[in-house]
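Heads up: the structure comes next, in structure tokens.
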Amino acid sequence: MPLQGQAFERGLSDFGAAGKRQPDGAPVDVELVLAVDVSWSMDRSEQEIQRDGYAAAFRDPKVQEAIMEGVNGRVAVTYVEWAGTVSQTVVVPWTLIDSKESADAFAYRLATELPDRERRTSISAAIDAIVPMFTGNGFEGLRRVIDISGDGPNNQGRMVTMARDAAVASGITINGLPLMTSDGGYSWGSIPDLDRYYSNCVIGGPRAFVIPVNDWSQFPEAVRRKLILELAGGWPVEQHLPGPVLRAQELPSADCLVGENMWMERQQRWMDDSR
């Protein structure tokens with residue numbers, strides 16, 4: 001089922017300005033897709049931290065100021081949760097945010113939907129499913145951005161670099177929020193240098209960047225900083241934001257097939273154990 005259809009299946013209805021369909025080509029400063037990992041590697045409380053962090057960010061006066069001070073003074077945003085190759089769900093469909101009221105309404109919708117949990121991690125399938133969402137969405141942005149947060153490398157679907165390169169070729173920038181929150185006790189599917197993996201293998205396009213999260217307590221502030229960078233009409237605001245912001249290709253090379261190789265090794269162990 002199309003992603004937009006899935007959103008309405010989950011019971012979303014009009015809430016203030018958030019659900020209004022815009023005329024084709026309504027000008028906005030950025031068309032932004034928030035793509036959030038809901039794979040089984042994160043428990044329910046961690047998923048709620050993510051959802052609450054985004055909701056709090058859209059209520060933040062600095063984020064709202066960044067939106068309103070853009071060239072057009074408005075942005076279009078949608079919130080998507082993803083996991084494996086067939087697990088992408090729109091939680092909040094394309095929403096015009098052009099005021100404090102519409103930003104608060106977007107935050108409210110995030111806060112009232114319960115997150116799902118799904119199996120596997122396919123960043124590539126998430127990107128491939130999201131790219132067509134920019135076509136015919138009713139908006140015409142100065143920039144198109146996919147913002148991906150996740151706690152592990154791609155381990156299903158086509159190579160993540162192929163999906164990334166196709167998205168970048170169509171004029172989309174991909175930013176990353178790698179969740180390096182395992183406190184040194186890495187579970188299966190996680191890697192210690194996820195920030196390097198995201199910098200080399202996931203993000204791309206003009207001004208692409210990564211903001212690593214090393215502890216869940218950092219998540220709300222990281223989301224706020226990231227949204228200010230993505231939604232602000234001008235990038236100089238970055239110099240006033242503390243903490244690391246890693247640009248594309250800024251870190252040493254990473255193995256972009258590390259997740260797939262880990263999955264194949266796991267499958268082989270299962271086969272050996274069953275003999």
Pair Tyr54-Ser149, side chain to side chain contact (heavy atoms under 4.5 Å, CB included): steps then yes or no: CA-CA 11 Å; Tyr54 278 101; Ser149 64; 4.0 Å; yes
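- Here the side chain of Ser124 pairs no donor or acceptor atom with the backbone of Ala163 at under 3.5 angstrom.
- Side chains of Gln64 and Asp104: a donor-acceptor N/O pair is present below 3.5 angstrom, by distance only.
- Contact annotation: the side chain of Pro27 approaches that of Arg74 to within less than 4.5 Å [non-hydrogen atoms, C-beta and beyond].
- Residues Cys256 and Thr161 come closest through the heavy atom pair SG-CG2, 3.7 Å.
- Side-chain contact between Val30 and Leu231 is present, with at least one heavy-atom pair separated by less than 4.5 Å.
- Here the straight-line distance linking atom CG of Leu177 with atom CG of Asp151 works out to 11.0 Å at 0.5 Å rounding.
- Using a 4.5 Å cut-off between side-chain heavy atoms of Ile, Leu, Val, Met, Phe, Trp and Tyr, with links allowed through other members, Val210 and Val168 fall into different hydrophobic clusters.
- The closest side-chain heavy-atom distance from Phe219 to Asp52 is not below 4.5 Å.
- With Asn154 contributing its side chain and Met159 its backbone, the two residues share no donor-acceptor pair below 3.5 Å.
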Step by step, would you call Ile97 with Phe58 a side chain to side chain contact (heavy atoms under 4.5 Å, CB included)? CA-CA 10 Å; Ile97 300 180; Phe58 277 95; 3.6 Å; yes
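- Smallest separation of non-hydrogen atoms from Met68 and Lys100: CE-N, 3.7 Å.
- Salt-bridge annotation for Arg51 and Glu48: absent, with no side-chain N of the basic residue lying under 4.0 Å from a carboxylate O of the acidic one.
- For the atom pair CZ (Arg196) and CE (Met180), the distance works out to 10.0 Å, reported to the nearest 0.5 Å.
- Looking at Thr173, its side chain never comes within 3.5 Å of a backbone N or O of Ala208 through a donor-acceptor pair.
- Looking at heavy atoms from C-beta onward, Ser102 lies out of side-chain contact with Thr95 at the 4.5 angstrom threshold.
- For Trp94 and Phe134, the ring centers are positioned less than 6.0 Å apart.
- Smallest separation of non-hydrogen atoms from Gly84 and Gln156: CA-OE1, 3.3 Å.
- Proximity of Glu230 to Asn175: side-chain heavy atoms (C-beta onward) are separated by under 4.5 Å at one or more points.
- Annotation: side chain of Val145 is in contact with side chain of Leu32 (closest heavy-atom distance under 4.5 Å).
- Minimum interatomic distance between Asp195 and Pro212 (heavy atoms only, all atoms of both residues): CB-CG, 4.0 Å.
- A distance of 10.5 Å separates CD1 of Ile148 from CD1 of Ile203, quoted to the nearest 0.5 Å.
- Phe106 is not listed as a side-chain neighbour of Glu101, based on a closest heavy-atom distance of 4.5 Å or more.
- Here the CD1 atom belonging to Ile146 is positioned 5.0 Å from the CD1 atom belonging to Ile130, to the nearest 0.5 angstrom.
- Of all heavy-atom pairs spanning Gln88 and Ala129, the tightest one is OE1-CB, 3.7 Å.
- Atom NZ in Lys226 sits 3.0 Å away from atom CG in Asp147 (nearest 0.5 Å).
- To the nearest 0.5 angstrom, Ser199 atom OG is 12.0 Å from Phe209 atom CZ.
- Ser39 places no side-chain N or O within 3.5 Å of a backbone atom of Ala83 that could act as its donor or acceptor partner.
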Residues Ser170, Val131; criterion side chain to side chain contact (heavy atoms under 4.5 Å, CB included); working and verdict: CA-CA 8 Å; Ser170 67; Val131 167; 4.2 Å; yes
Give the intermediate values and the outcome of side chain to side chain contact (heavy atoms under 4.5 Å, CB included) for residues Arg143 and Glu31. CA-CA 6 Å; Arg143 291 177 286 128; Glu31 300 166 62; over 6 Å; no
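- The two residues Val213 and Ala222 come nearest to each other via the heavy atoms CG2-CB, 3.7 Å.
- Within the 4.5 Å cutoff, the side chain of Val28 has heavy atoms near those of the Leu96 side chain.
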